[in-house]
Amino acid sequence: MARPIWFVNLLKRIYPARRSFARLTKLPVFGNLVDHLLFRGDEMFVIPKDQTIQINAPLNPPESIILPSQLVEHYINQASYHWIMDFCICREGEGCQDYPRELGCLFLGKPVLQINSKLGRLVTKEEALEHVKRCREAGLVHSVGRNRLDSVWLGATPSEELMTICSCCPCCCLWGLVTDLTPKIGRKITRLPGVEVTVAEDCSGCGLCANGVCFAEAIQVKNGRAEISLECRGCGRCVEICPEGAITLTIEGKEKLQETIQRLDDLVDLE
């Protein structure tokens, strides 16, 4: 059942208080309830920016190289229904000044037909592809998968047939709560299989990468050198900001992306 506009406006108003709510999930009973109602069975994969990666695969033939963004394009081409939100509820709620608020999530699957028509619009595959391209050009990072929370706040069911393609900024995204949420929920936003982020010996420890760049707070400077913890989700923002090129993001290539496609196919039925 489509959610009324007043309900969505209420979510925007309370969004700045999200961290206080997220910390409550560390209370076992409350956390288990929130997980069951809003995140049950979910998984979202963070898609690193194409320009930040090195692909550990043979350079010939070129058809063997699959860029992470092609994972998003694969599902856009597969889906029969595409819905673009007219705004990002996270950036709207936070009043973001650094990234475009009008570039909202893309939702795929038949449940999008239930979304309130005042929140966005049905689009063609071509329009959906152009939208995600614009998001990447604006510096946003995609995450793709199943997020029951979106099904709930949009009133688009069943959640098992709704695919979310978020385009996130580092300052306002809901998944920036991973350090506040109980790990059981926080782990539902995960690194793309095959992605590895490493720091070279020539890192000067300038600290730029540890200053509000990593939404998972996975980078710290210790003993004059950046260290990346297992909490890293592999978005690649640290690679972009490093002035010395001392941080490298690699992906194993075609086989791991095919593995991700299989996992996403098991999560969301777009047919």
Side-chain angles (χ1 to χ4, degrees), residues 15 18-49 52-53 68 71-72 75 89-90 105 107 140-153 158-160 162-199 209-210 212-220 227-239 249-252 256-269:
Y15 189 75
R18 64 194 182 280
R19 290 197 180 278
S20 297
F21 177 80
R23 292 185 188 112
L24 292 176
T25 64
K26 293 182 178 180
L27 301 174
V29 174
F30 185 71
N32 288 336
L33 179 62
V34 170
D35 177 52
H36 178 77
L37 294 176
L38 302 180
F39 299 100
R40 184 173 74 255
D42 288 352
E43 191 167 26
M44 293 284 290
F45 294 99
V46 176
I47 310 297
K49 295 182 178 182
T52 67
I53 69 169
L71 181 67
V72 173
Y75 283 103
I89 192 168
C90 300
C105 285
F107 296 106
L140 302 172
V141 172
H142 297 313
S143 58
V144 56
R146 191 180 84 193
N147 189 6
R148 187 177 297 272
L149 177 63
D150 288 327
S151 176
V152 171
W153 80 267
S159 62
E160 293 79 9
L162 181 71
M163 177 169 281
T164 294
I165 299 176
C166 282
S167 297
C168 300
C169 62
C171 42
C172 307
C173 178
L174 180 67
W175 287 112
L177 298 175
V178 291
T179 56
D180 298 291
L181 290 162
T182 176
K184 183 178 181 181
I185 298 175
R187 284 193 294 265
K188 295 176 188 288
I189 181 79
T190 187
R191 189 188 310 192
L192 198 68
V195 165
E196 183 176 357
V197 184
T198 56
V199 181
C209 59
V213 173
C214 178
F215 75 92
E217 298 181 14
I219 309 176
Q220 293 183 338
E227 292 186 5
I228 299 177
S229 76
L230 294 177
E231 293 301 313
C232 169
R233 270 35 175 213
C235 69
R237 291 190 186 279
C238 57
V239 177
L249 187 152
T250 59
I251 186 168
E252 291 185 17
K256 286 296 183 180
L257 288 175
Q258 291 297 335
E259 174 188 324
T260 308
I261 287 173
Q262 184 58 58
R263 286 170 65 176
L264 285 169
D265 286 347
D266 292 340
L267 282 169
V268 184
D269 181 8

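Count residues from 1 along the sequence. The structure displayed is predicted, hence computed values, not measured ones.
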Working to the nearest 0.5 Å, report the span between [atom1] of [X] and [atom2] of [Y].
{"X": "Leu257", "Y": "Leu71", "atom1": "CG", "atom2": "CG", "answer": "6.5 Å"}
{"X": "Ser143", "Y": "Ile189", "atom1": "OG", "atom2": "CD1", "answer": "4.5 Å"}
{"X": "Asn147", "Y": "Thr164", "atom1": "CG", "atom2": "OG1", "answer": "5.0 Å"}
{"X": "Cys209", "Y": "Gln220", "atom1": "SG", "atom2": "CD", "answer": "10.5 Å"}
{"X": "Glu227", "Y": "Cys232", "atom1": "CD", "atom2": "SG", "answer": "13.5 Å"}
{"X": "Ile251", "Y": "Thr52", "atom1": "CD1", "atom2": "OG1", "answer": "9.5 Å"}

Seminar exercise, completed: Contacts of Arg23 meeting side-chain hydrogen bond (donor to acceptor under 3.5 Å, both in side chains) (sequence neighbours excluded), chain-then-number -> Asp180

For this session: Only counting residues at least two apart or in another chain, list the ones meeting side-chain hydrogen bond (donor to acceptor under 3.5 Å, both in side chains) with Arg146.
Result: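 Per chain and number, Arg146 pairs via side-chain hydrogen bond (donor to acceptor under 3.5 Å, both in side chains) with Asp42.
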
Exercise. Taking it one step at a time, do Trp153 and Ile89 satisfy side-chain contact (heavy atoms from CB on, under 4.5 Å)?
Worked result: CA-CA 11 Å; Trp153 80 267; Ile89 192 168; 3.7 Å; yes

Exercise. Under 6.0 Å from the CD atom of Glu259, do we count more than 12 heavy atoms belonging to anything else shown?
Worked result: yes

Exercise. Could you give all pairs that pass the salt bridge (Lys or Arg N to Asp or Glu O under 4.0 Å) test and reach residues 186-195, with sequence neighbours left out?
Worked result: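 Non-adjacent pairs meeting salt bridge (Lys or Arg N to Asp or Glu O under 4.0 Å): Asp35-Lys188.
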
Do [X] and [Y] make a side-chain contact, defined as non-hydrogen atoms from C-beta onward lying under 4.5 Å apart?
{"X": "Val178", "Y": "Glu231", "result": "no"}
{"X": "Cys238", "Y": "Cys214", "result": "no"}
{"X": "Val46", "Y": "Phe215", "result": "yes"}
{"X": "Val152", "Y": "Leu38", "result": "yes"}

Taking all non-hydrogen atoms of both residues, which atom of [X] and which atom of [Y] are closest, and how far apart?
{"X": "Cys90", "Y": "Leu174", "result": "SG-N, 3.6 Å"}
{"X": "Ile165", "Y": "His142", "result": "CG2-ND1, 4.2 Å"}
{"X": "Ile47", "Y": "Val72", "result": "CG1-CG2, 4.3 Å"}
{"X": "Trp175", "Y": "Ile185", "result": "CZ3-O, 3.9 Å"}

Exercise. For Arg40, does its backbone N or O pair with a side-chain atom of Arg148 as donor and acceptor, under 3.5 Å?
Worked result: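 A pair under 3.5 Å: yes.
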
Exercise. Donor-acceptor pair, Tyr75 side chain versus Ile261 backbone, under 3.5 Å?
Worked result: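 A pair under 3.5 Å: yes.
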
For this session: Applying side-chain contact (heavy atoms from CB on, under 4.5 Å), run through Ile219 and Val213 and close with a yes or a no.
Result: CA-CA 9 Å; Ile219 309 176; Val213 173; 5.8 Å; no

Problem set entry | Stepwise side-chain contact (heavy atoms from CB on, under 4.5 Å) check, Asp269 with Glu160 | CA-CA 6 Å; Asp269 181 8; Glu160 293 79 9; 5.9 Å; no

For this session: Please lay out, stage by stage, how Cys235 and Arg233 fare under the test side-chain contact (heavy atoms from CB on, under 4.5 Å).
Result: CA-CA 6 Å; Cys235 69; Arg233 270 35 175 213; 5.7 Å; no

